[in-house]
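Note sheet for the following structure.
Below, chains carry the letters A, B, ... as their sequence lines are ordered, and counting in each starts from 1.
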2 protein chains.
Amino acid sequence: MQEKPELDFPRPLTTVDVVIFAIRSDALQVLLVQRPKAESEPFPGAWALPGGFVDIAGDRDLEACAVRRLKAKTGVVSPYLEQLGSWGSATRDPRGWSATHAYFALLPEHTAGGALAGDAQWFAVEGEKVRPKLAFDHAEILQAAVLRLRNKVEYTSLPAYLMPQEFTLPELQRTYEIVLDRPLEKSAFRTRMLAADLIEPVAKMRKGPNRPAQLYRLKKAKAPVFFTRTFNPPG
Amino acid sequence: MQEKPELDFPRPLTTVDVVIFAIRSDALQVLLVQRPKAESEPFPGAWALPGGFVDIAGDRDLEACAVRRLKAKTGVVSPYLEQLGSWGSATRDPRGWSATHAYFALLPEHTAGGALAGDAQWFAVEGEKVRPKLAFDHAEILQAAVLRLRNKVEYTSLPAYLMPQEFTLPELQRTYEIVLDRPLEKSAFRTRMLAADLIEPVAKMRKGPNRPAQLYRLKKAKAPVFFTRTFNPPG
DNA sequence: ATACTTAGTTGTACAGTCCAACTAACTTAG
DNA sequence: CTAAGTTAGTTGGACTGTACAACTAAGTAT
């Protein structure tokens with residue numbers, strides 16, 4: 001009989017991965033990193049979600065680890081960040097039983113052009129996928145992230161976090177439409193957004209080749225707004 | 001330079017916990033287990049969520065581990081089970097950096113009286129809490145589970161999983177009201193449920209001291225239904 | 001029979017989306 | 001200066017589903 005209950009049984013590998021979304025070139029894009037090409041690494045040279053092992057000396061908690069990964073690849077410090085779920089199994093990593101804690105982040109449009117790590121690159125989301133074949137089960141995680149995002153966009157103000165600091169209502173609507181991949185009604189969209197305690201006009205207009213549009217900004221420190229209906233009966 | 005990248009750095013402890021809900025005595029209840037009383041254990045004698053370490057030899061994946069834990073404490077094999085999220089930090093377990101993958105389950109009413117493990121007991125959920133002080137950060141996990149459940153009940157058919165095989169619409173409405181902790185409108189509730197492709201009448205009535213009520217059952221293998229509105233503007 | 005209770009229905013009001021047509025403000029071409 | 005084209009923004013009616021309240025239906029108990 002031992003003093004302490006046994007703790008030296010084998011433990012799964014523990015990682016954190018972040019699905020980082022931004023609007024670029026009028027499309028929903030996701031940031032991927034290329035894995036090292038050494039043959040000793042799993043999935044050498046493949047594209048993968050940014051992430052890696054939890055550093056039990058340096059990371060206070062899971063979210064701190066996600067924030068660290070996000071900052072390392074994008075330089076962005078406090079975007080919208082939400083836990084997505086976890087994936088763990090005996091087979092997802094050839095090195096052994098492993099579990100990953102997945103997060104997803106929404107970057108405002110202007111930050112998405114900033115300081116990128118050298119191994120990182122943006123990819124357009126097509127359907128719920130991305131062109132290259134991803135390492136591990138990252139395609140599945142990405143799909144879950146896209147589905148979660150699309151679903152929440154139906155009844156929340158999440159796309160506001162993808163906008164630059166100042167934006168017009170047609171621009172915001174366009175972002176909704178990009179994420180949902182379907183057109184929305186202009187007047188219903190405006191009614192919904194303006195009724196919510198979400199945005200406020202600034203004393204400027206966006207000028208273009210035709211009628212100028214009112215510029216708005218997010219009310220400060222705004223948590224996402226939840227609406228009580230979805231848009232279109234999506235059926 | 002080594003052949004393989006290092007993998008022998010310290011790894012966090014990895015556990016799975018399950019928040020198991022059922023309706024008992026006209027109230028929302030949650031199943032807790034008492035921790036061993038040996039002083040060598042963390043939180044000796046305290047109540048905790050059912051769960052424990054992932055067994056990398058026996059558990060194929062996280063969900064299998066959750067199902068195993070659920071079956072061990074309740075005997076139930078395939079109730080509604082949903083991933084809730086994960087909690088990991090340096091301080092949540094005195095034994096060291098630890099991460100738990102939390103699930104929540106909804107048990108149908110009749111199974112909730114069945115074969116309970118000896119160390120397990122049902123507790124009424126009051127607000128988002130339970131009377132006894134819980135081990136680890138389990139109070140926080142329980143709160144997250146209750147909030148998630150309440151929130152989803154506004155626009156899904158989740159409470160149907162808490163019902164016995166056959167039930168009446170007033171009984172289903174009562175379950176909604178217990179979870180939400182507020183009354184709902186009878187006619188709107190009936191309209192919503194009957195319009196959904198969710199339940200079907202059986203050729204029986206529930207008899208009581210007054211007018212009998214039509215009995216229904218879930219249509220087979222029904223995934224939860226999502227409605228496009230919430231109930232009451234909950235404001 | 002009458003009162004009481006719960007099941008279930010009916011009808012009106014209301015909120016917010018859907019749809020379509022309209023007005024407003026700007027640029028560019030003649 | 002005017003007309004055409006484009007996008008911003010508004011307006012009004014149809015429709016859907018909830019809120020609210022009053023009603024009918026079917027049983028028990030007295």
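Formation of a donor-acceptor pair under 3.5 Å by the A:Arg150 side chain with backbone atoms of A:Asp181 is not found in this model. Side-chain atoms of A:Arg69 never come within 3.5 Å of backbone atoms of A:Val18 as a donor-acceptor pair (strictly under, hydrogens ignored).
One can place OH of A:Tyr216 at 10 Å from C1' of D:dA8, the figure rounded to the nearest angstrom. Distance CZ (B:Phe227) to P (D:dT18): 8 Å, rounded to an integer number of Å. Atom CE of A:Met205 is separated from atom C1' of D:dA8 by 8 Å (rounded to the nearest Å). Taking atom CZ of A:Phe189 as the reference point, atom C1' of D:dT11 lies 19 Å away to the nearest angstrom. As rounded to whole Å, 16 Å separates atom C1' of C:dC18 from atom CZ of A:Arg190. Atom CG in A:Leu194 sits about 13 Å away from atom C1' in D:dA8, given to the nearest Å. Here D:dA19 presents its C1' atom at 12 Å from CZ of B:Arg182, a figure rounded to the nearest Å. What separates CZ of A:Arg229 from P of D:dT18 is a distance of 9 Å, to the nearest Å.
Note on ring orientation: taking the six-membered ring where Trp is involved, the planes of B:Phe123 and B:Trp47 are perpendicular (angle over 60°, cut-offs 30° and 60°).
In this structure, A:Arg192 does not reach the C:dG16 phosphate: none of its side-chain N or O atoms is under 4.0 Å from OP1 or OP2.
Both the sub-6.0 Å distance and the 45° axial angle are not jointly satisfied by B:Arg35 relative to the ring of B:Phe136.
Listed by residue number, the members of residues 161-181 of chain B with any heavy atom below 4.0 angstrom from DNA chain D form an empty set.
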- Task: List the protein contact pattern of nucleotides 20-30 of chain D with one symbol per nucleotide (5' to 3'): B for base contact, S for sugar-phosphate-only contact, - for none; contact means a heavy-atom distance under 4.0 Å.
- Result: BB---BBBS--
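With sequence neighbours left out, A:Pro212 forms a side-chain contact (heavy atoms from CB on, under 4.5 Å) with A:Met205.
For A:Ala213 and A:Thr191, each mapped to the nucleotide of DNA chain D holding its nearest heavy atom, the one lying further toward the 5' end belongs to A:Ala213.
Here the options are B:Leu142, B:Leu31, B:Val179, the test is side-chain contact (heavy atoms from CB on, under 4.5 Å), and the partner is B:Phe21; only B:Leu142 passes.
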